[in-house]
Amino acid sequence: GNAGNVLINTSTLSLVDGGYVSSSTFGRGLGGMVDVKASESIFLQGVNPFSLAPSSLTANTYSFGNASDLFVSTPQLTLLNGGVVASASL
């Protein structure tokens, strides 16, 4: 089925050591939209030491559907040591 949408409104968002915000689908269906608004900053750093998954904001599909939109609005976006912002159909 289709993935759901993710909407976040905050002053700051920090994702570290593999933390993530994502809307994904693994079968037939459309990816969900991810919309993140941070009035001060967004900080993504590092990877999970066990799975090596990056700290990320993503909107993905892993089968036949289309990935959806990924919107990021902040005055300061920091990506360090593997931090990722991406939308993809894989």
Colleague: Are Val16 and Val47 connected into the same hydrophobic cluster when the rule is that any two of I, L, V, M, F, W, Y join if their side-chain heavy atoms are below 4.5 Å apart?
Modeller: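 No, it is not one cluster - the side chains of Val47 and Val16 are not joined through contacts under 4.5 Å.
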Colleague: I'd like to check Val72 versus Val85 (side-chain heavy atoms, cut-off strictly below 4.5 Å). Are they in contact?
Modeller: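 Yes, at least one pair of side-chain atoms sits under 4.5 Å.
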Colleague: How far does CG of Asp17 sit from CZ of Phe50, to the nearest 0.5 angstrom?
Modeller: 10.0 Å
Colleague: Under 3.5 Å, sequence neighbours excluded: what are the donor-acceptor pairs made by side chains of residues 22-38?
Modeller:
from, atom 1, to, atom 2, distance (Å)
Ser22, OG, Ser24, OG, 2.9
Ser22, OG, Thr58, OG1, 2.8
Ser23, OG, Gly4, O, 2.3
Ser23, OG, Gly32, N, 3.4
Thr25, OG1, Gly1, O, 2.9
Asp35, OD2, Lys37, NZ, 3.3

Colleague: Same cluster or not: Leu70 versus Ile8, using hydrophobic residues (I, L, V, M, F, W, Y) connected whenever any side-chain heavy atoms lie under 4.5 Å apart?
Modeller: yes
Colleague: Of all the heavy-atom pairs spanning Gly18 and Ser55, show the shortest one and how long it is.
Modeller: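 Taking Gly18 first and Ser55 second, the nearest heavy atoms are N-OG, 3.0 Å.
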Colleague: Dump the intermediate steps for side chain to side chain contact (heavy atoms under 4.5 Å, CB included) on Thr61 and Asn66, then the final yes or no.
Modeller: CA-CA 6 Å; Thr61 61; Asn66 293 328; 5.6 Å; no
Colleague: Verify the cluster assignment for Phe43 and Val21: are they in a single hydrophobic cluster under the rule of side-chain heavy atoms below 4.5 Å apart?
Modeller: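 Cluster IDs for Phe43 and Val21 differ.
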Colleague: Which pair of heavy atoms, one from Ser68 and one from Ser87, lies closest together, and at what distance?
Modeller: O-OG, 2.8 Å
Colleague: Go through the steps to decide whether Thr12 and Ile42 satisfy the test side chain to side chain contact (heavy atoms under 4.5 Å, CB included), and finish with yes or no.
Modeller: CA-CA 6 Å; Thr12 62; Ile42 297 175; over 6 Å; no
Colleague: What about Leu77 and Leu15, same hydrophobic cluster or not, with Ile/Leu/Val/Met/Phe/Trp/Tyr joined at side-chain heavy-atom distances under 4.5 Å?
Modeller: yes
